[in-house]
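This report refers to the structure that appears directly beneath it.
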Amino acid sequence: FSEALDTSALSTDAFALINLGADGAVGGGDDMTVPVSGIDKSDTQRLLLLLAAPLPEGTYQLEVSPMAITDLSGNPMASPYIKTFAAIGAPPSGTSNYWSRLGNGDWADARNWSTGQVPVASDNVWIHLPVAAPTVTISSVSPSINSMFVDGNLVVHNSGELIVYGEGHISGDLEISGNSSLVLDNRATGLSVTGMVTLNGGGLYLNAAGRTVSLPGLTTAVDATIQLVSSLDAPNFTSFLRGSFTVYGGVNAPNLTTMSGLRYQQGTGTNVSYPALKDCSDTSFQLLDGSVFHAPLWQEYRNIDYRQIALSGTAVLDAPLLKAFGNAGFSVSAGAHFTLPAGATISWGDVGGDVFAVSSGSIDASGLKDADIIQTCGACTNASLNFNVYTNGVLDISGLTVFDGLARKSFQSGSGGELRLPNLVHMTSTSIYASAPLSLPALSGIDGVGSRFQVDAGASISAPLLVAAQNLTLDLSEGSFSL
């Protein structure tokens with residue numbers, strides 16, 4: 001109090017202490033009066049209420065009668081004093097800052113925290129209320145904390161970011177949206193979220209190698225980024241639509257059926273299985289050395305725009321049913337090998353890109369036949385198909401005999417590369433760029449606007465059976481061309 005009190009006639013009748021029950025509000029039929037057993041009056045400006053037992057965890061209201069509290073001159077309080085407060089159990093060991101607001105609130109408001117300060121990187125944070133689980137919002141700020149135990153909901157939005165250096169547990173829901181992110185530092189010991197996880201326009205950066213992040217409530221991610229060095233346990237994750245998915249840890253997502261519109265990268269030495277995956281439309285793939293990607297039910301890889309599957313080193317794409325490709329290409333490097341499965345078809349719309357690109361590796365597409373390349377556009381003004389092999393690469397397309405139809409096509413045989421086209425008889429509107437010897441032993445005819453042979457210095461093209469060439473431009477550039 002602001003001045004000394006006259007406590008001579010003060011009794012416990014002046015105080016009404018009520019347990020507000022499960023609803024945390026006055027009324028509702030669940031309120032209970034808590035008896036005040038005594039008053040410590042030793043300090044004339046402070047009164048200490050004595051109770052028969054510690055208060056159970058819950059929400060309480062204390063009301064003080066104004067007429068019972070007077071100063072030394074006999075002046076009473078102007079109005080009743082009413083205070084709502086919470087009694088909470090002991091915080092987890094090591095807690096240094098806990099949520100003190102009775103309800104939802106803003107993380108960045110220092111008044112909401114027990115220390116009167118917003119948590120800092122060294123803090124172990126506890127968010128807990130005895131009745132309704134609070135929702136705490138991080139917006140437009142980037143706090144860092146050591147650990148967190150959240151008995152409630154956490155919302156990170158509006159370009160907010162939360163960095164956790166230690167352990168994280170959320171017993172309620174987690175929402176990350178609006179270009180925001182949650183970052184698990186590489187020193188962290190793990191993260192678990194019991195409730196629903198909403199990832200819409202936000203990012204999860206889980207960088208703790210050898211640790212598991214448990215997100216059973218994650219079902220869908222949209223316009224999002226997931227970066228895994230940790231292992232992700234998401235048994236109910238079904239679809240990832242647009243965004244970026246980088247995997248350098250493990251993934252347990254047995255019900256993930258759709259990865260559409262993504263940039264997918266799988267790191268060195270990782271072995272990931274997606275047993276339910278069927279739709280990977282408009283997703284580009286990069287599988288690094290030693291990675292294995294299992295998708296036993298994946299059958300079609302059809303894209304609106306050009307997309308590519310890139311393999312490096314000993315990377316393996318294990319998708320035995322995958323045979324239908326649309327606006328899709330394959331790239332291998334650093335000794336990687338890829339075999340186009342027998343019966344595969346490649347449909348191509350009005351887009352351009354590399355069907356095959358080989359650099360220090362090999363692609364065996366010897367089973368690809370003329371009828372397996374399907375034109376799906378009309379005029380095809382922008383369509384182009386490129387078949388490229390570079391240094392120390394081998395590209396085998398020995399099953400191709402007639403290469404007509406689409407507006408623009410090209411073969412490139414780079415220095416040190418080997419392009420195998422032993423059965424190609426005729427081609428239309430096709431360019432060949434040779435920086436290494438190229439043999440076309442069966443080629444007898446070439447025509448169409450844009451047909452071109454360019455042979456660089458030290459390279460050669462041999463086409464001993466070529467008898468009909470229309471609209472063909474020769475650019476020998478100190479190379480040789482023999483019939």
Side-chain angles (χ1 to χ4, degrees), residues 92-96 119-126 142-150 154 156 161-171 174 176 180-195 197 199 202-219 221 224-237 240 243-256 259 262-277 285-295 311-318 334:
S93 177
T95 298
S96 56
V120 296
S122 60
D123 273 331
N124 299 311
V125 170
W126 186 40
S142 302
S144 299
I145 56 173
N146 185 53
S147 68
M148 65 176 178
F149 289 83
V150 181
L154 185 64
V156 189
E161 180 181 68
L162 175 63
I163 302 174
V164 181
Y165 293 111
E167 188 175 3
H169 295 284
I170 301 173
S171 64
L174 171 64
I176 305 174
S180 297
S181 58
L182 189 151
V183 179
L184 194 65
D185 185 75
N186 58 8
R187 295 163 287 182
T189 57
L191 172 69
S192 64
V193 181
T194 304
V197 178
L199 190 56
L204 276 173
Y205 298 86
L206 309 175
N207 299 318
R211 304 295 185 175
T212 297
V213 173
S214 177
L215 303 178
L218 176 63
T219 59
T225 297
I226 298 178
Q227 177 178 295
L228 297 178
V229 177
S230 310
S231 292
L232 175 65
D233 182 22
N236 300 304
F237 193 19
F240 195 166
S244 175
F245 195 7
T246 304
V247 178
Y248 282 80
V251 178
N252 177 41
N255 294 301
L256 185 61
M259 294 198 306
L262 302 182
R263 297 178 305 279
Y264 180 92
Q265 182 185 79
Q266 190 170 314
T268 300
T270 54
N271 191 322
V272 180
S273 179
Y274 300 100
L277 187 63
F285 290 87
Q286 183 180 19
L287 307 182
L288 300 184
D289 185 23
S291 63
V292 182
F293 181 96
H294 301 275
L311 308 178
S312 177
T314 58
V316 174
L317 173 64
D318 178 22

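Note that this is a predicted model, so its numbers are computed, not measured.
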Restricting to side chain to side chain contact (heavy atoms under 4.5 Å, CB included), what partner residues turn up for Gln265, sequence neighbours left out?
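With sequence neighbours excluded, Gln265 shows a side chain to side chain contact (heavy atoms under 4.5 Å, CB included) to Thr246, Tyr248, Gln286, Leu288, given in chain and number order.
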Any residue meeting side chain to side chain contact (heavy atoms under 4.5 Å, CB included) with Ala188, in chain and number order, not counting sequence neighbours:
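Expected list: Leu184, Ala208.
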Could you give the distance from [atom1] ([X]) to [atom2] ([Y]), rounded to the nearest 0.5 Å?
X: Ser142; Y: Ile163; atom1: OG; atom2: CD1; value: 6.5 Å
X: Ser147; Y: Glu167; atom1: OG; atom2: CD; value: 7.0 Å
X: Thr219; Y: Phe240; atom1: OG1; atom2: CZ; value: 12.5 Å
X: Asn236; Y: Leu256; atom1: CG; atom2: CG; value: 11.5 Å

Non-neighbouring partners of [X] that pass ring-ring contact (aromatic ring centres under 6.0 Å, His included), sequence neighbours left out:
X: Tyr264; result: Phe245, Phe285, Phe293
X: Tyr205; result: none
X: His169; result: Phe149

Output, in order, the C-alpha distance, side-chain angles, deciding distance and verdict of side-chain contact (heavy atoms from CB on, under 4.5 Å) for Leu191 and Arg211.
CA-CA 8 Å; Leu191 172 69; Arg211 304 295 185 175; over 6 Å; no
Any side-chain heavy atom of [X] within less than 4.5 Å of one from [Y]?
X: Phe237; Y: Leu215; answer: no
X: Pro235; Y: Asp233; answer: yes
X: His294; Y: Leu277; answer: no
X: Asn124; Y: Ser96; answer: yes
X: Glu161; Y: Val156; answer: no
X: Leu204; Y: Leu232; answer: no
X: Asn186; Y: Val229; answer: no

Please give me the minimum heavy-atom distance between [X] and [Y], naming the atom from each residue.
X: Pro254; Y: Ala234; value: CD-O, 4.3 Å
X: Val316; Y: Leu287; value: O-CD1, 3.9 Å
X: Tyr165; Y: Ser144; value: CE1-CB, 3.6 Å
X: Ile226; Y: Leu199; value: CG1-CD2, 3.7 Å
X: Gly203; Y: Ile176; value: N-CG2, 3.8 Å

Backbone N or O of [Y] within a donor-acceptor pair of the [X] side chain at under 3.5 Å?
X: Asp185; Y: Val164; answer: no
X: Ser171; Y: Val150; answer: yes
X: Asp123; Y: Val125; answer: no
X: Thr314; Y: Gly290; answer: yes

Run Leu162 and Leu154 through side-chain contact (heavy atoms from CB on, under 4.5 Å) and show every step you take.
CA-CA 10 Å; Leu162 175 63; Leu154 185 64; 3.7 Å; yes
Tell me, please, which residues at least two apart from Thr270 pass side-chain hydrogen bond (donor to acceptor under 3.5 Å, both in side chains).
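Partners of Thr270 under the side-chain hydrogen bond (donor to acceptor under 3.5 Å, both in side chains) test: Gln266.
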Using the rule side chain to side chain contact (heavy atoms under 4.5 Å, CB included), only one of Asn207, Val247, Leu206, Val183 pairs with Gln227; which is it?
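With Gln227 as partner, side chain to side chain contact (heavy atoms under 4.5 Å, CB included) holds for just one option, Asn207.
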